[in-house]
A.B. asks: 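Here's a structure for you.
Both ligands and their constituent atoms are indexed starting at 1 by order of listing. Note that the coordinates shown come from a computational prediction; the quantities given were computed from them, not determined experimentally.
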Amino acid sequence: MKTSTSQSLFAEAQRLIPGGVNSPVRACKSVGCDPRFILRAAGARIFDADGNEYIDFIGSWGPMILGHNHPAVLEAIRQAMANGTSFGAPCPLEVELAAMVTDALPSVDMVRFVNSGTEATMSAVRLARGYTGRKVIVKFDGCYHGHADSFLVKAGSGIITLGIPGSPGVPDDIVRNTISIPYNNEEILEKTLRDSALDIACVIVEPVAGNMGVVLPAPGFLEKLRALTSELGIVLIFDEVITGFRVSYGGAQQKFNIMPDLTCLGKIIGGGLPVGAYGGKKEIMSLISPLGPVYQAGTLSGNPLAMAAGVATLKALQEPGFYDRLERKAAGFADSLQQLAAKYLAEATLNRQGSVMTLFFGPGPISDFDSAMRADAAKYARFYREMLELGIYLAPSQFEGMFLSAAHTSEDLAKTLEMTEWSFKKIQN
Ligand SMILES: *Cc1c(COP(=O)(O)O)cnc(C)c1O
């Protein structure tokens with residue numbers, strides 16, 4: 001496979017941009033190769049600067065649930081663009097998307113749009129602190145909630161991928177107010193919350209964890225979390241930046257039938273443009289400026305192009321049977337993948353929720369950060385490199401999800417399985 005154009009772009013990028021990338025995992029360091037520079041994408045395919053074609057299982061890390069360049073989304077952006085790209089004033093599309101989001105998520109009475117998932121979680125925590133008058137936040141080891149200071153304690157995503165404990169530049173004073181505990185451990189959860197109840201503003205959780213690889217909530221875990229936080233007057237924040245409109249139209253809260261107090265969204269609601277959102281109960285959301293005293297703002301927030309892409313995406317997701325079809329496709333693919341893994345790998349564990357899954361190169365069950373860490377990341381790296389050469393574009397880290405979209409055809413998936421078998425054979429020993 002020719003990669004000289006990507007190589008020279010990467011050399012130039014490294015001179016100009018730290019590490020040559022604008023988000024760390026993209027540098028592909030943990031899988032031991034250089035990134036391919038992407039020129040364009042269509043459906044389930046992406047094409048790099050050297051003209052190589054790949055079947056894409058990253059989907060821009062989740063937003064592209066319809067596939068790349070969905071015609072209805074492109075058309076909506078085109079129409080919005082003809083009217084101007086940013087006004088810094090309210091626009092009709094914001095109201096339309098807000099109505100769709102509040103209809104989709106029964107726990108959300110009001111929603112505020114921002115420009116990224118990071119902004120959504122950061123703002124939700126500020127709001128929870130403002131609402132409760134308490135300082136401490138509780139999160140779970142291996143969950144990722146964007147790159148705001150308070151969350152960079154035992155965080156997932158690039159922090160795990162690069163094997164760094166936290167981040168310099170985050171003052172001790174800030175992380176002192178963050179408690180990180182194991183995912184899926186009800187005993188530690190209960191003890192932690194009861195011991196510090198009067199100081200804890202919120203618990204933030206990925207209701208299905210997606211940033212230490214996919215890790216499902218154990219039966220009863222989210223229920224316990226809801227019951228305890230309600231009892232102790234702690235705000236429960238579901239970070240549904242990945243799961244929102246992914247695991248069902250109403251996100252994980254609909255799937256598991258648990259109502260959080262606040263919800264963070266991102267990725268899919270922007271249809272591939274930069275959008276985040278946080279929303280929840282009216283009583284809490286009413287504290288946000290200018291209705292209340294908790295300040296949060298954004299020059300480009302509610303941007304008309306981004307809102308148009310979001311509205312068009314959600315409309316497409318409302319098509320009857322959309323999630324059932326995606327589930328069937330993902331389930332069939334996962335079954336075959338698991339059979340191949342059982343045949344060729346000594347140890348493998350597949351975790352899946354709907355159309356997002358992780359094949360861990362390690363023993364199961366994988367239910368938290370420590371069990372995820374038992375996976376053989378070096379073996380995954382070899383697998384990744386084989387697959388890339390065969391035209392299959394996977395996440396460049398063992399600790400990320402594999403995203404299926406409506407655009408993956410049965411031929412795409414059959415080809416992927418064929419290449420997987422080929423790659424497993426090569427890395428067997
Ligand atoms: C991606 C992600 C974020 C951060 O969103 P950005 O748009 O990258 O800032 C937050 N929470 C979760 C669960 C995510 O997966």
Side-chain angles (χ1 to χ4, degrees), residues 21-27 57-65 105 112-126 128 137 139-162 167 178 180 183 202-217 222 236-247 251-253 255 260 262-279 296 298 300-301 303 306 309-310 313 351 353-358 369 372 395-397 399-403:
V21 290
N22 286 308
S23 197
V25 176
R26 293 179 199 170
F57 289 95
I58 298 183
S60 190
W61 302 96
M64 314 318 296
I65 189 168
L105 303 168
R112 170 61 68 82
F113 291 111
V114 291
N115 305 293
S116 67
T118 293
E119 265 188 82
T121 53
M122 195 177 77
S123 310
V125 164
R126 181 181 303 147
I137 71 174
K139 65 174 283 292
F140 296 92
D141 303 346
C143 283
Y144 178 69
H145 304 294
H147 66 85
D149 285 354
S150 6
F151 300 121
L152 295 183
V153 182
K154 296 193 179 171
S157 192
I159 305 278
I160 305 184
T161 298
L162 303 173
S167 174
T178 301
S180 190
Y183 197 75
C202 60
V203 178
I204 185 165
V205 66
E206 287 182 74
V208 175
N211 287 288
M212 48 180 149
V214 172
V215 173
L216 274 55
L222 295 174
L236 177 59
I237 306 175
F238 271 15
D239 180 351
E240 297 230 41
V241 171
I242 287 183
T243 54
F245 301 98
R246 167 64 64 178
V247 304
Q253 53 196 269
K255 188 93 206 162
L262 292 176
T263 300
C264 299
L265 296 165
K267 299 192 170 125
I268 289 175
I269 54 156
L273 271 74
V275 181
Y278 63 106
Q296 184 273 310
L300 293 173
S301 295
N303 173 270
T313 299
N351 284 356
Q353 181 70 55
S355 54
V356 59
M357 65 188 84
T358 297
F369 181 77
S397 166
F399 307 109
E400 301 281 0
M402 180 176 193
F403 292 93

A.B. asks: Met64 versus Phe403: any side-chain heavy-atom pair under 4.5 Å?
C.D. replies: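 Met64 vs Phe403: side chains apart.
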A.B. asks: Going by heavy atoms in the side chains, are His147 and Met122 under 4.5 Å from each other?
C.D. replies: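 The answer is no; the side chains never approach within 4.5 Å.
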A.B. asks: Is there side-chain contact between Thr243 and Glu206, with heavy atoms separated by less than 4.5 Å?
C.D. replies: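 Thr243 does not reach Glu206 side chain to side chain.
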A.B. asks: Considering only heavy atoms from C-beta outward, does the side chain of Asn211 approach that of Glu400 to under 4.5 Å?
C.D. replies: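 Result yes, sub-4.5 Å side-chain heavy-atom pair found.
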A.B. asks: Hey, does Phe245 have a side-chain heavy atom less than 4.5 Å from the side chain of Ile65?
C.D. replies: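 Side-chain contact under 4.5 Å: no.
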A.B. asks: For ligand 1, what is the set of protein residues having any non-hydrogen atom at a distance below 4.0 Å?
C.D. replies: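 Shell around ligand 1 (4.0 Å, heavy atoms): Ser116, Gly117, Thr118, Tyr144, His145, Gly146, Glu206, Asn211, Asp239, Val241, Ile242, Lys267.
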A.B. asks: State which residues pass side chain to side chain donor-acceptor pair (under 3.5 Å) with Gln253; sequence neighbours excluded, sorted by chain then number.
C.D. replies: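 Per chain and number, Gln253 pairs via side chain to side chain donor-acceptor pair (under 3.5 Å) with Ser107, Glu240, Thr263.
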